Colleague: 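Have a look at the structure that comes next, please.
Nothing fancy with the numbering, it's 1 onward along the sequence. Small disclaimer: the values here were computed from a predicted structure and weren't measured. Just follow the structure's listing: the first ligand is 1, and inside any ligand the first atom is 1.
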Amino acid sequence: MTEEHEIATLLAAAFGGTHGSVTPPIVQSSLFTFDSYQAFEDRMAGRSDTAIYTRVQNPTVAAFEALMATSERGEAAVGFASGMAAISSSVLAFVKPGDRIACVEHAYPDAYRLFERMLRPFGVDISYHSVAAFEDDPDLLKGVRLAYLESPNSVVFQPMNLPKVAEQARRHGTLTMIDNSWATPIFQNPLVLGIDIVVHSASKFISGHSDTVAGVVISSDRLIRQIRDLTLPLLGAKLAPFEAFLLTRGLRTLDARMQQHQRTANVFVDRLSNLPCVTRVHSPGGNSVPGLHGRSGLMSFELDDSIDIPRLSDALKLFRLGVSWGGFESLILPARVGLAQAGEENSMQRFGVSPSLVRISLGLENVEDLWADFEEALSKSAA
Ligand SMILES: *Cc1c(COP(=O)(O)O)cnc(C)c1O
């Protein structure tokens, strides 16, 4: 396999298991034994790299990690039990008390909570900045250890000029980390644009089937080694072999699914923008910033007060009410119920999200069926 191949080809053509199988075997073993004392000693001294124990190494997990490294154009990858485990284990591998993190506004709400409720009490300073500030203030990252980015960000889906921000970060010696769950490696390869570390919630598009929770980090050999030495073994939030098998299965069809999500999303953006009751649509298209090559199926829009949002949610038949996204099924999430967090100031209040904002995840159903369902529900939702 070479760099010139399209990602879809790399994902489809990647090796399977033994006996000519096209899928990797699920190696459901906690430990791996050695044929001899000498082999054991060689492994512990680092003279071989066979698996020892599944908390840190497993062949089924390694097969998924290799595919992720290839598709994100990175040198290495490491899987985790969830997207949040990937995020927390990556941040903690590089940040210590006294350091500063600069985070983009409207980051994933649990990433925000990790920073505010866990890292701040441990003495890490966190500041939040708009996409425009990251792009236009050349001194924003002065003295910053880690820039934590999403492009587009969550909820309002503002895209960021990543090559520009990566260049500024390099000048200040700031490490850059991005959550690339929305775009997937099909529509955006942040490492190629100069970003240092890519994390994914693999529970979303990478799985694609709403049947597993998982995460993955992709970067250089050097940075992945630091995560493997420190937070993977010591926090222990490893990816399980069966989950890794499901994710490899998901990756084989990622390109085809993303193209279908994009076709449906383009139709919805077009038609939503023409509805008088829709005041804003948040959905960056391909080429809206350098290096973003497509529009995924997760978007949001704002409604005027002619529409009753609870009534709209209940009238939909194909769109189901719920959190998460990126699966085969279409979903609706009204911001004021789905993103509100009882009893604490949350990122939605802090950064200002309209209570009339509605997020939808467009699945793989027929686009005309989805639009007909949406239009009919709207017609039953007069406030
Ligand atoms: C869901 C999500 C996460 C967290 O992933 P989990 O697998 O649920 O832990 C992180 N980032 C984004 C953008 C997400 O949507």
Side-chain angles (χ1 to χ4, degrees), residues 61 64 68 72 77-92 101 103-118 128 131 148-160 162 177-185 187-188 190 195 197-218 231-232 235-240 242-244 246-247 250-251 258 261 282-284 292 295-300 322-327 329 331-333 335 338-339 341 346-348 351 353 357 359-363:
V61 174
F64 167 66
M68 281 309 307
E72 278 290 14
V78 51
F80 284 96
S82 68
M84 277 314 300
I87 292 168
S88 55
S89 297
S90 302
V91 171
L92 288 168
I101 297 175
C103 177
V104 68
E105 288 179 356
H106 298 288
Y108 180 67
D110 277 345
Y112 173 79
R113 270 179 227 123
L114 168 72
F115 295 154
E116 291 301 311
R117 298 180 64 183
M118 296 194 70
Y128 300 89
V131 169
Y148 186 85
L149 310 172
E150 295 180 2
S151 178
N153 54 5
S154 296
V155 188
V156 290
F157 304 106
Q158 300 156 323
M160 183 184 283
L162 293 179
M177 185 179 303
I178 189 170
D179 182 331
N180 199 35
S181 308
W182 182 94
T184 82
F187 290 156
Q188 182 168 264
I195 300 295
I197 301 164
V198 170
V199 299
H200 282 277
S201 168
S203 324
K204 313 294 168 52
F205 286 126
I206 289 173
S207 147
H209 293 73
S210 301
D211 53 9
T212 182
V213 170
V216 63
V217 186
I218 310 97
T231 45
L232 176 69
L235 296 178
K238 58 91 183 158
L239 180 62
F242 181 63
E243 313 300 313
L246 290 177
L247 298 175
L251 278 179
M258 293 310 291
H261 288 303
H282 304 279
S283 171
L292 179 62
R295 165 181 274 135
S296 87
L298 185 74
M299 64 176 71
S300 64
V323 299
S324 195
W325 49 273
E329 77 289 11
L331 296 164
I332 180 167
L333 182 80
L339 299 170
Q341 211 81 39
N346 61 61
S347 54
M348 183 177 148
F351 302 118
V353 172
L357 182 141
R359 191 185 80 179
I360 53 174
S361 178
L362 295 163

Colleague: Pro190 pairs by side-chain contact (heavy atoms from CB on, under 4.5 Å) with which of Leu149, Val198, Ile197?
Modeller: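 Running side-chain contact (heavy atoms from CB on, under 4.5 Å) over Leu149, Val198, Ile197 with Pro190 returns exactly one hit, Val198.
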Colleague: Could you check Asn180 against Gln188 for side chain to side chain donor-acceptor pair (under 3.5 Å), going step by step and ending with a plain yes or no?
Modeller: CA-CA 8 Å; Asn180 199 35; Gln188 182 168 264; 3.0 Å; yes
Colleague: Could you list each nitrogen or oxygen of ligand 1 that sits under 3.5 Å from a protein nitrogen or oxygen, with the atom names and the distance?
Modeller:
residue: ligand 1; atom: 5 (O); partner: Ser201; partner atom: OG; Å: 2.9
residue: ligand 1; atom: 7 (O); partner: Gly83; partner atom: N; Å: 2.8
residue: ligand 1; atom: 7 (O); partner: Ser201; partner atom: OG; Å: 2.9
residue: ligand 1; atom: 7 (O); partner: Ser203; partner atom: OG; Å: 2.6
residue: ligand 1; atom: 9 (O); partner: Gly83; partner atom: N; Å: 3.0
residue: ligand 1; atom: 9 (O); partner: Met84; partner atom: N; Å: 2.8
residue: ligand 1; atom: 11 (N); partner: Asp179; partner atom: OD2; Å: 2.5
residue: ligand 1; atom: 15 (O); partner: Lys204; partner atom: NZ; Å: 2.7
residue: ligand 1; atom: 15 (O); partner: Trp325; partner atom: NE1; Å: 3.0

Colleague: Are Phe205 and Trp182 an aromatic pair, judged by ring center distance below 6.0 Å?
Modeller: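 Centroid distance Trp182-Phe205: not below 6.0 Å, so no.
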Colleague: Tell me whether the centres of the aromatic rings in Phe115 and Tyr128 are closer together than 6.0 Å.
Modeller: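 Aromatic pair excluded; centres sit 6.0 Å or further apart.
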Colleague: Measuring from atom CG of Leu239 to atom CZ of Phe64, what distance do you get when rounded to the nearest 0.5 angstrom?
Modeller: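 Result: 6.5 Å between the selected atoms.
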Colleague: Quick one: are Ser283 and Phe157 in side-chain contact, heavy atoms under 4.5 Å?
Modeller: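 Not touching, per the 4.5 Å side-chain cut-off.
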